[in-house]
Enquirer: 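Sharing a structure, written as C-alpha cells. Questions coming.
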Number of protein chains: 2
Amino acid sequence: MDLTERKLKILQAVIADFVRTAEPVGSRTISKNYSLGSPATIRNEMSDLEEMGFLTHPHTSSGRVPSEKAYRLYVNEMMKKRELSQAEKDAIASELYQNVTELDSLIERAAHVLSEITSLTAFALSPGKEQDTLRYINLLPVDDYSVVLMLVSDSGKVSNTVVRLKAPASEDTLRILAKNMTYNYSGKTLSEALKIDIIENFRTDAAAMSMFEQSIAPSFIRTLEDMLNVNLYMDGLTNIFALPEYNDIEKARTFFEMIGRKAEITQKLISRGDGIEITIGGENQDADLSDCSVITATYHVDGRLVGKLGVIGPTRMKYDEVTSVVEYLTDNISKAFMLTEGDDDDR
Amino acid sequence: MDLTERKLKILQAVIADFVRTAEPVGSRTISKNYSLGSPATIRNEMSDLEEMGFLTHPHTSSGRVPSEKAYRLYVNEMMKKRELSQAEKDAIASELYQNVTELDSLIERAAHVLSEITSLTAFALSPGKEQDTLRYINLLPVDDYSVVLMLVSDSGKVSNTVVRLKAPASEDTLRILAKNMTYNYSGKTLSEALKIDIIENFRTDAAAMSMFEQSIAPSFIRTLEDMLNVNLYMDGLTNIFALPEYNDIEKARTFFEMIGRKAEITQKLISRGDGIEITIGGENQDADLSDCSVITATYHVDGRLVGKLGVIGPTRMKYDEVTSVVEYLTDNISKAFMLTEGDDDDR
DNA sequence: GTTAGCACTCAACGTGTTCGAGTGCTAATT
DNA sequence: AATTAGCACTCGAACACGTTGAGTGCTAAC
C-alpha cells in the first residue's frame with residue numbers, strides 16, 4: 001500500500017489534532033476541519049493507515065491515535081522548522097544575557113527558560129571538562145596550618161580548597177611545592193592529571209614531599225574530580241501535572257522517580273548523539289521512558305566545552321516548536337557566554 | 001468536661017492507629033487492641049473527645065480522625081523521645097562521616113539521610129554567612145588580561161572568580177590593589193563588606209583605581225553576594241507518592257508546586273525559631289501547608305554558622321520518631337564537620 | 001473512487017442496590 | 001453512676017445495569 005498525498009495529509013491532521021487535544025481523533029473531526037473528503041472516506045484512509053502501522057485504535061469504537069512510527073515519520077519528513085516568536089526570543093534573551101559568574105549558572109537558566117517556553121520538563125548538562133587543561137596551580141598560605149590550593153583551568157574554571165596541614169609550612173616549602181606541581185601538571189587535561197602517579201614523579205625535599213603526600217595530594221585529587229564533575233540541572237518538573245497523560249498518579253510517580261535518578265540521566269544524556277537528537281517512545285531504551293519523547297541538542301562554548309540540553313515530554317509533543325527552541329537555545333549559549341565573559345560586562 | 005486518664009489513652013490510641021493506617025479509627029478497633037472498655041464505652045468517650053475538639057468525623061458513619069488540636073496535645077504532652085536504632089545511627093554516620101570538601105555537601109547529605117530514614121520530604125539549609133568574616137583577599141595574575149580574585153572567609157569558605165581586565169595589569173598594580181583591599185575589607189563580615197562604599201574609601205594610584213572600579217569591583221560584589229547566599233537542599237520528594245493522602249493528583253500537584261518555590265521556603269525556614277520547632281497543619285500560615293506538618297531544627301557549626309534542617313509531611317506523622325532523628329542529625333552535623341575539617345582526614 | 005446509510009461497539013455516565021463498617025441512642029446490667 | 005449490649009440508622013464503596021454518544025466497519029448507491 002502506498003502513502004498517498006491524501007494519506008499523508010490525514011496523518012498529519014490526526015497528529016496535529018491529537019497533539020493538541022490528547023483525545024483520539026475521529027473521522028468526523030478531520031472531515032470537518034480539513035477538506036479532505038467525507039467522514040467515510042477519511043475512515044477508509046485511516047483504516048489503511050492503521051494497517052500500515054501509523055495509527056492505532058484504543059478500542060473498536062474510538063478515534064485514532066498516532067503511533068510512534070507516525071511521530072517518527074512526522075519528525076523525519078513532515079515537520080517544518082518554526083520561527084520563534086519575538087516573545088520567546090525576548091524570554092530567552094532576558095534569561096541568558098545576564099551577568100553570570102559561572103558558565104554553570106548560565107546553563108541552569110537555559111534549562112529554566114526552556115521549560116517555561118515548552119511547558120515541559122527541561123534539563124541541561126554543564127559542559128564536560130575532560131578536555132579542559134590545567135593552566136595555573138598555586139598554594140597560598142592563609143595561616144600557619146592552612147593553605148589554599150588553587151587551580152585554574154583553561155576554560156576559566158577556578159577551584160580551590162582550604163587544606164589543613166599537619167605541620168606548619170614555610171612559604172619556601174609552599175613555593176617549591178607549587179612550582180613542582182606546576183611543572184608536573186600544568187598543560188595536562190584534568191583527566192590526564194588524575195592518571196599521573198603523583199608520588200612517583202615527584203622529587204623534592206623530604207619535608208615538602210611528606211606534606212604533599214599527606215595533606216595536599218588528597219585534596220588535589222578530590223578537587224580535580226570535582227572539577228571534572230558534570231552537573232545536571234532540571235526545571236519545570238511540575239509541568240507534567242498539566243498533561244492529561246499524567247493524571248494517573250502511578251504515571252506521575254514513575255516519572256518523578258525516573259527524574260530523580262540523576263546519575264543515570266546524566267549518563268544517558270552524555271551518550272546521546274551530537275546535534276539535535278529526537279527519540280520517541282520505545283526508541284528510548286528505558287522502560288520508564290517508553291511513553292515519553294526526548295529531544296536533546298548539543299551546545300558548544302569556546303569550541304572545546306561541550307554540553308547537552310533538552311526536554312522530556314509525552315510522545316504527544318509539539319516536536320516542531322520544541323526542536324526550534326532547543327536549537328535556538330544551544331546556538332545562543334555560547335554567544336551569551338562570550339558576552340558575559342568578555343569585556344563589556346555592563347550591558 | 002475533663003480530659004480523664006482514659007480519654008487520654010483513647011486519644012493516644014486513635015492517634016497511633018490513624019498515624020499507622022491513615023484510615024479513620026472505629027470504636028471496635030480501639031476496644032479490641034487496647035483494653036480500654038467495650039466499643040460502646042469507647043464510643044461515648046470518643047463522642048466527648050469530639051465535643052472537646054480533639055477528634056473529628058469525616059461523615060456520620062465513619063471512625064474518628066485526630067484533629068490538629070489532638071496532634072498538638074500529643075506533641076506537647078504525650079510524646080516520648082525515641083532512641084534511634086543502631087541501623088539508623090549507622091545510616092546517619094555513613095552519610096555524614098565521609099570526606100567532604102565543603103560544608104554544603106555535608107548539609108546536602110544530611111537532607112538525604114533524613115528523607116531516607118523518615119520516608120518524608122526533607123530539606124536542609126546551608127548555614128547563613130552573615131557573621132562570616134573575610135580573612136584573606138588576593139589578586140593573582142593568570143595571564144595578561146585575566147586575574148583571579150580570591151576570597152577566603154573565616155569559616156574556610158573559599159571563593160574566587162576569574163576577572164577579565166580591560167587593560168593588562170602589572171604585578172605591582174595588582175599587589176597594591178590586593179593590599180588596599182585587604183586593608184579595607186579583611187576582618188569585616190561579608191554583609192559589612194557589601195555595605196562599604198568602596199570607591200570612597202579607596203585611594204591609590206589612578207591606574208589601579210580605574211582597574212578596580214571598572215573590572216574588579218563588580219566581580220567582587222557579585223562574589224560577596226554569592227558567598228552570602230544560602231542554599232536549600234531537598235530530598236525525598238517522591239516519598240509523598242507512598243502516602244495515601246497524596247493519591248489525589250491535585251494534592252500531589254500543589255505539593256510539588258509549593259516545594260518548587262525555593263526562595264519562599266528558604267525565607268520561611270530562616271524565620272522559624274531556634275531549636276526544634278514543630279508546626280502542625282494550619283499552624284503553618286501557608287494555605288498549601290494547611291494539611292502538612294513541618295518539623296525543623298537548628299544546627300550549629302563552629303559556634304558561628306547556623307542553619308536549619310527538617311522535614312515536611314502529612315499531619316499524620318510519626319512525630320516522636322521524626323523529632324528524634326532531626327534532633328540527632330543536628331547534634332551530629334557540627335561533630336561531623338569538625339572531623340572532616342580537622343586533621344585526621346583519613347578515617 | 002467517493003459517499004450515504006446503518007448496524008454495531010464500547011467507554012463514560014448515571015442510577016439503583018447491596019454490603020459493611022461505623023455511629024448514636026436506649027435500656028439493661030454491674 | 002458507669003458500663004455495656006442491642007438495635008436502628010447512616011453513609012461510602014463496590015457492583016450491576018441501562019442509556020448515551022462518539023466512533024467504527026461494511027455495504028450499497030452515486
Side-chain angles (χ1 to χ4, degrees), chain A residues 1-11 13-18 20-67 70 244-245 247-249, chain B residues 1-11 13-15 17-18 20-67 244-245 247-249:
Chain A
M1 207 168 337
D2 235 20
L3 257 184
T4 62
E5 178 79 6
R6 187 169 64 186
K7 282 198 173 59
L8 275 177
K9 278 190 178 154
I10 291 177
L11 185 55
V14 173
I15 293 176
D17 246 60
F18 185 72
R20 196 164 42 79
T21 63
E23 295 290 330
V25 186
S27 53
R28 274 184 63 81
T29 331
I30 301 286
S31 169
K32 250 186 295 182
N33 300 330
Y34 307 78
S35 24
L36 294 166
S38 76
T41 314
I42 310 272
R43 272 206 291 284
N44 290 329
E45 297 284 57
M46 278 174 149
S47 181
D48 291 354
L49 283 167
E50 182 160 1
E51 214 175 303
M52 297 155 89
F54 292 109
L55 294 178
T56 40
H57 231 178
H59 57 88
T60 10
S61 71
S62 84
R64 268 19 185 249
V65 170
S67 68
E245 26 272 280
N247 263 356
D248 177 17
I249 197 94
Chain B
M1 207 168 338
D2 235 21
L3 257 182
T4 62
E5 178 80 6
R6 187 170 64 188
K7 282 198 174 59
L8 275 176
K9 277 187 180 156
I10 291 177
L11 185 56
V14 172
I15 293 176
D17 247 61
F18 185 72
R20 195 164 42 79
T21 63
E23 295 290 330
V25 187
S27 52
R28 274 184 64 82
T29 330
I30 301 287
S31 167
K32 251 186 295 183
N33 301 330
Y34 307 77
S35 24
L36 295 168
S38 76
T41 314
I42 309 272
R43 272 206 292 283
N44 290 328
E45 296 285 56
M46 277 174 152
S47 181
D48 292 353
L49 283 167
E50 183 162 359
E51 213 175 303
M52 295 190 249
F54 292 109
L55 294 178
T56 40
H57 232 181
H59 58 90
T60 9
S61 71
S62 84
R64 260 44 179 234
V65 170
S67 68
E245 27 272 278
N247 263 357
D248 177 16
I249 196 96

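Computed over heavy atoms, backbone and side chain alike; hydrogens, waters and symmetry mates excluded. A, B, ... follow the sequence lines: proteins, then strands. Residue 1 opens every chain.
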Enquirer: Nearest-Å distance, CG (A:Asn44) to C1' (C:dG5)?
Expert: 14 Å
Enquirer: How far does CD1 of A:Ile249 sit from CD1 of B:Ile249, to the nearest 0.5 angstrom?
Expert: 4.5 Å
Enquirer: Please figure out whether A:Pro24 or B:Pro58 has its closest DNA chain D nucleotide nearer the 5' end.
Expert: B:Pro58
Enquirer: Does any N or O in the side chain of B:Ser67 come within less than 3.5 Å of the main-chain N or O of B:Gly53, such that one atom is a donor and the other an acceptor?
Expert: yes
Enquirer: Without decimals, in angstroms, what is the distance between B:Glu45 CD and C:dT23 C1'?
Expert: 16 Å
Enquirer: Using whole Å, what does the distance between atom C1' of nucleotide C:dG24 and atom CG of B:Asp48 come to?
Expert: 13 Å
Enquirer: May I ask you to verify if any side-chain N or O of B:Thr60 is less than 4.0 angstrom from the OP1 or OP2 atom of D:dC11?
Expert: yes
Enquirer: Which nucleotide wins on minimum distance to the side chain of A:Ser38, given the candidates C:dA4, D:dG25, D:dC7?
Expert: C:dA4
Enquirer: Given D:dT3, is OP1 or OP2 found less than 4.0 Å from the side-chain N or O atoms of B:Arg6?
Expert: yes
Enquirer: Go through C:dG24, D:dG12, D:dG23 for me and flag the one nearest to the B:His59 side chain.
Expert: D:dG12
Enquirer: Under 4.0 Å from OP1 or OP2 of D:dT24: is there any side-chain N or O of A:Ser27 that close?
Expert: yes
Enquirer: Between D:dT24, C:dG24, C:dC10, spot the one nearest the side chain of A:Met46, thanks.
Expert: D:dT24
Enquirer: Mind calculating the distance between CG (A:Leu55) and P (D:dG25) to the nearest angstrom?
Expert: 11 Å
Enquirer: For the OG atom of A:Ser38 and the CG atom of A:Asn44, what is their distance to the nearest 0.5 Å?
Expert: 8.0 Å
Enquirer: For B:Lys9, look at atom NZ and say whether over 12 heavy atoms of other residues, nucleotides or ligands are found less than 6.0 Å away.
Expert: no
Enquirer: Tell me: CD of A:Glu23 to P of D:dA22, nearest whole Å?
Expert: 13 Å
Enquirer: Quick check for you: to the nearest 0.5 Å, what is the distance between B:Arg43 atom CZ and B:Arg64 atom CZ?
Expert: 9.0 Å
Enquirer: If you assign each of B:Ala40 and B:Ser61 to its closest nucleotide in DNA chain C, which residue comes earlier from the 5' end?
Expert: B:Ser61
Enquirer: Side chain of B:Glu50, heavy atoms from C-beta onward: which of D:dT24, C:dG24, C:dT23 has the nearest atom to it?
Expert: C:dG24
Enquirer: Could you give the CZ-to-C1' distance, from B:Arg28 to C:dG24, as a whole number of Å?
Expert: 16 Å
Enquirer: Taking atom P of D:dG25 as reference, at what distance in whole Å does atom NE2 of A:His57 sit?
Expert: 5 Å
Enquirer: State which of C:dG22, D:dG25, C:dT23 makes the closest approach to the side chain of A:Arg43.
Expert: D:dG25
Enquirer: What integer distance in Å separates B:Glu51:CD from C:dG24:P?
Expert: 11 Å
Enquirer: Quick one: which of D:dT4, D:dT24, C:dT3 gets closest to the side chain of A:Thr41?
Expert: C:dT3
Enquirer: Given D:dG25, C:dT3, C:dC10, identify the nucleotide with an atom nearest to the side chain of A:Arg64.
Expert: D:dG25
